[in-house]
Colleague: 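Provided herewith is a single structure, encoded as structure tokens, for subsequent inquiry.
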Amino acid sequence: MPEAIRAEKLFKSFGDQQVLAGIDLSVEVGETVVVLGASGSGKSTLLRCMNFLELPTGGRIYLHGNLVGTPLGNQADAKMKYAEPNLQRVRAKVGMVFQHFNLFPHMSVLHNIMEGQVTVLRRSRAQAESRARELLAKVGLADKADSYPANLSGGQQQRTAIARALAMDPEVMLFDEVTSALDPELVGEVLRVMRALREEGMTMIIVTHELGFAYHAADRIVFMDAGRVYEEGHPHDILIAPKRERTRQFLEGHNQFRLPEAGPLVASEQT
Amino acid sequence: MQYALQLAGVLAIGALETVKIAVMALAISLPVGLIVGAGRYSRTRYFRWPAAAFVETFRNIPVLVSIMWFFFAFPMLVPFEISAYAAAVLALSLNTSAFFAEIFRAGIQSISPGQWDGARALGMSYRDQMRRIILPQAIRRMVPAFTNRWIELCKLTALASTISYQELMYTTKMIANAYYNPVEMYSVCGLIYLAIIYPMVRATYRLERRAAKETA
Amino acid sequence: MDYSWNFDIISRSWDLLLLGLANSVYLTAASFVLGLPLGLALALARLSRRKALSGLAGWYVDFFRATPSLVQLYWFYFALPQILNVQIEPGTAALLTLTLLSSAFVAEIFRGGIASLDKGQWDGARAIGMSYAQAMRRVILPQAIKRMIPIFLERAIELFKTSTIASVISFPELLFAAQDLAARSYRSLEVYSVVALIFMVTLISLSQITRRLELRLARSGETTTS
């Protein structure tokens with residue numbers, strides 16, 4: 001499979017605090033990669049750099065093999081120069097869903113999903129609306145088109161946010177802890193939508209703490225530590241038989257309390 | 001009776017003048033405040049610095065001092081007369097503009113970073129983020145602060161009386177002096193202001209409650 | 001227009017302006033300090049469960065929000081002496097007006113600060129058996145006051161600006177000193193410009209102190225309510 005998006009020796013610092021320390025990550029078209037790691041390991045920053053909500057302080061990002069930005073010099077580690085209009089085009093192609101939804105509270109669900117199509121892709125309102133309704137049906141919210149975000153449950157808001165990102169017909173989707181702010185009983189409905197996207201062949205990078213989901217939905221798991229890829233591989237290898245110390249510690253922390261009759265990875269979204 | 005009616009007529013004219021100053025100053029302050037507020041948000045310092053200087057200056061000079069300056073000092077610098085009306089409106093407008101600019105800036109800052117993220121992640125330009133996502137929400141939040149400042153402005157118009165502009169306060173003072181009835185006159189005057197401004201205060205409470213509910 | 005500036009009068013009358021500034025500061029500080037306990041009492045009245053008490057306090061606050069301070073000042077200076085049949089000095093009338101005005105605003109800040117505290121703080125205090133008064137005095141107020149300090153200072157700055165109205169009844173604060181000087185010297189441009197500058201510098205310094213205090217409180221883990 002061809003490569004969809006690649007981060008090469010990516011660095012990011014905030015002041016003198018280094019968050020990404022030369023991370024390499026390549027994702028194929030149609031692949032689902034789940035990124036795990038303790039808080040502060042740089043998972044969210046990695047996603048935010050991949051669609052340039054944060055500008056990387058070093059390294060490169062390639063979208064479909066094309067380098068984003070212009071290097072300032074000939075060396076392989078030359079600083080990059082990024083032009084805002086160029087980044088806007090990249091962001092339009094890389095969809096992102098956030099932990100706190102970030103829906104636009106002054107717009108109805110329908111208009112939230114039409115907004116990017118109309119202002120960025122310059123689709124006609126009729127076109128945008130029909131696409132929005134299509135996506136609403138897909139995420140199971142056809143009847144909520146005229147509601148406002150404040151009147152939806154967390155799960156419904158997050159599904160709306162997914163539809164909003166999908167409406168841009170993105171080539172890659174980034175999910176940043178999209179179920180962390182949800183009540184436990186609402187997690188399943190969001191994960192189901194993501195699972196369906198995977199079946200359709202969407203390219204996805206998912207930061208999550210839902211190990212069960214990672215086990216069943218990921219093609220590959222990347223475990224991050226201190227701004228680097230610490231261990232990566234098939235879900236079974238990483239989650240059941242991790243080779244390295246930090247990965248084991250992380251998984252133990254997550255699996256300390258289990259129901260007596262259930263294994264650690266029986267996931268709620270299996271239904 | 002005749003006397004009371006005449007008095008009411010004179011006071012009504014004064015009250016009308018008070019409203020005139022307030023509305024005029026508001027009409028000037030809204031656009032000026034928005035422009036200065038936007039200037040403080042600009043990414044170029046050539047807009048940012050003058051805007052900041054404007055706000056600091058006119059927010060920190062008491063309106064009464066500013067009225068005196070425009071009425072007694074400013075005319076020495078310019079080759080034309082400055083009427084009491086012009087001096088009062090100028091001083092009130094500059095003061096109110098400075099506060100409006102700050103409200104505007106604070107309103108934009110109050111929008112959570114997630115809203116910018118959401119808009120940017122869709123690939124929107126800065127202009128579109130501001131125009132379509134941030135401003136519509138920010139303006140809604142600013143409304144109570146704007147009405148509060150409008151109330152403040154209405155009260156400050158009374159200061160125009162100190163340079164003999166014949167609005168409600170000045171009219172009251174003249175009558176109280178002439179008929180030597182300060183208790184009645186100043187009480188009535190206070191009640192007239194109360195009648196004009198109190199409904200606005202109540203409306204602001206309602207707006208504040210609504211805004212609190214929306215952001216909660 | 002060619003105007004030849006001449007600051008002689010300023011350099012000759014510095015002492016008058018300084019005295020004016022001192023009077024302005026005195027008037028502001030005194031009315032603010034006197035307004036504090038009065039404001040706290042009003043806030044507690046407003047938060048009281050007795051409808052009449054809280055309604056009355058509400059009216060008081062609204063009255064000061066809805067009438068110009070100049071009207072209040074004239075009323076206390078010209079009307080009140082007639083009613084009481086006593087002589088009231090300009091300084092007393094100004095102090096009275098600004099104190100009552102300040103108490104109304106301070107009351108709102110107290111109320112907002114107390115109301116903004118997490119309900120959990122009340123629950124926590126009650127859970128260890130504190131009475132209403134104990135909880136208010138030992139748990140709620142100390143936290144609320146810390147949050148309110150920057151807002152109090154902002155209010156004091158507003159009060160300082162409002163104190164200029166005392167000039168209209170000839171209380172010798174800074175603006176009155178300016179008017180006096182300008183009238184005697186025919187140098188209104190210089191005098192009013194310098195006085196505007198003095199006000200500006202004083203108030204900007206006060207704002208800076210407030211801002212720094214706010215930052216320090218924010219660093220010490222306290223947020224300010226706005």
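Lettering follows sequence order; numbering is per chain, from 1.
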Colleague: Is B:Arg202 close to chain C through its backbone or its side chain, or both, or neither, when contacts mean heavy atoms under 4.5 Å?
Modeller: side chain

Colleague: At a 4.5 Å cut-off on heavy atoms, which part of B:Phe71 comes close to chain C: side chain, backbone, both, or neither?
Modeller: neither

Colleague: Just verifying a value: how many Å separate B:Leu156 CG and C:Lys161 NZ, rounded to the nearest 0.5 Å?
Modeller: 9.5 Å

Colleague: Go through the atoms of C:Phe64 and report whether side chain, backbone, both or neither lie under 4.5 Å from a heavy atom of chain B.
Modeller: backbone

Colleague: Does atom CE of B:Met24 have more than 12 heavy-atom neighbours from other groups under 6.0 Å away?
Modeller: no

Colleague: Return the CD1 to CG distance between C:Ile157 and B:Asn60, rounded to the nearest 0.5 Å.
Modeller: 7.5 Å

Colleague: Taking everything shown except C:Gln208 itself, do over 12 heavy atoms lie less than 6.0 Å from its CD?
Modeller: yes

Colleague: For B:Tyr205, is it the side chain, the backbone, both, or neither that has a heavy atom closer than 4.5 Å to a heavy atom of chain C?
Modeller: side chain

Colleague: Are any non-hydrogen side-chain atoms of B:Phe74 and C:Leu189 less than 4.5 angstrom apart?
Modeller: no

Colleague: Identify the two heavy atoms, one from C:Ala79 and one from B:Val183, that lie closest to each other, and give their separation to 0.1 Å.
Modeller: O-CG2, 3.4 Å

Colleague: Is it the backbone or the side chain of C:Glu190 that comes under 4.5 Å from a heavy atom of chain B, or both, or neither?
Modeller: neither

Colleague: For residues C:Ala66 and B:Val201, report the shortest heavy-atom separation together with the two atoms involved.
Modeller: CB-CG2, 4.1 Å

Colleague: Would you call B:Arg59 and C:Ile204 a side-chain contact if the rule is heavy atoms closer than 4.5 Å?
Modeller: no

Colleague: Under a 4.5 Å cut-off applied to non-hydrogen side-chain atoms, are B:Met185 and C:Phe78 in contact?
Modeller: no

Colleague: Side chain, backbone, both or neither: which part of C:Gln72 has a heavy atom under 4.5 Å from chain B?
Modeller: neither

Colleague: For C:Arg65 versus B:Lys155, what's the shortest heavy-atom pair and its separation?
Modeller: O-NZ, 3.0 Å

Colleague: Counting a contact as any heavy-atom pair under 4.5 Å apart, which residues of residues 80-92 of chain C contact chain B?
Modeller: C:Gln82, C:Ile83

Colleague: Rounded to the nearest 0.5 Å, how far does CD1 of B:Ile197 lie from CG of C:Asp62?
Modeller: 12.0 Å

Colleague: What part of C:Leu206 lies closer than 4.5 angstrom to a heavy atom of chain B: side chain, backbone, both or neither?
Modeller: neither

Colleague: Of the backbone (N, CA, C, O) and the side chain (C-beta and beyond), which part of B:Val65 lies under 4.5 Å from a heavy atom of chain C, both, or neither?
Modeller: both

Colleague: Check each atom of B:Leu191 against the heavy atoms of chain C and say whether the ones under 4.5 Å are side chain, backbone, both or neither.
Modeller: neither

Colleague: Looking at chain C, which one of B:Tyr186, B:Phe58, B:Tyr193, B:Phe72 has the largest number of heavy-atom pairs inside 4.5 Å, strictly under?
Modeller: B:Tyr186

Colleague: Can you name the closest pair of heavy atoms from B:Ala158 and C:Pro68 and give their distance?
Modeller: CB-CB, 3.8 Å

Colleague: Against chain B, work out which of C:Ile198, C:Leu175, C:Val195, C:Val191 has the most heavy-atom pairs shorter than 4.5 Å and name it.
Modeller: C:Leu175

Colleague: What is the distance from atom OG1 of C:Thr162 to atom CG of B:Leu159, rounded to the nearest 0.5 Å?
Modeller: 9.0 Å

Colleague: Of all heavy-atom pairs between B:Leu64 and C:Ser167, which one has the smallest distance, and what is that distance?
Modeller: CD2-OG, 3.8 Å

Colleague: Using non-hydrogen atoms and a 4.5 Å limit, figure out which bit of C:Ser207 sits close to chain B: side chain, backbone, both or neither.
Modeller: side chain

Colleague: Tell me whether the count of non-hydrogen atoms from other residues, nucleotides or ligands lying under 6.0 Å of CD in C:Glu158 goes above 12.
Modeller: yes

Colleague: Identify which part of B:Thr172 has an atom lying under 4.5 Å from any heavy atom of chain C, answering side chain, backbone, both or neither.
Modeller: neither

Colleague: Can you establish whether the number of heavy atoms outside C:Trp14 located under 6.0 Å from its atom CH2 is more than 12?
Modeller: no

Colleague: With respect to C:Thr67, which candidate in B:Ile192, B:Leu194, B:Ile196 satisfies the side chain to side chain contact (heavy atoms under 4.5 Å, CB included) definition?
Modeller: B:Leu194

Colleague: Applying side chain to side chain contact (heavy atoms under 4.5 Å, CB included), run through C:Met200 and B:Thr57 and close with a yes or a no.
Modeller: CA-CA 7 Å; C:Met200 209 170 98; B:Thr57 305; 3.7 Å; yes

Colleague: Which pair of heavy atoms, one from B:Met76 and one from C:Ser188, lies closest together, and at what distance?
Modeller: CE-OG, 3.4 Å

Colleague: Would you say OH of B:Tyr179 has more than 12 non-hydrogen atoms from neighbouring residues, nucleotides or ligands within 6.0 angstrom?
Modeller: no

Colleague: Quick one: CH2 on C:Trp59 to OH on B:Tyr198, what's the gap to the nearest 0.5 Å?
Modeller: 4.5 Å

Colleague: What residue in C:Trp75, C:Phe160, C:Tyr77 has the most heavy-atom pairs under 4.5 Å with chain B?
Modeller: C:Trp75

Colleague: Might you confirm whether atom CZ of B:Arg48 has over 12 heavy atoms from other residues, nucleotides or ligands at distances under 6.0 Å?
Modeller: yes

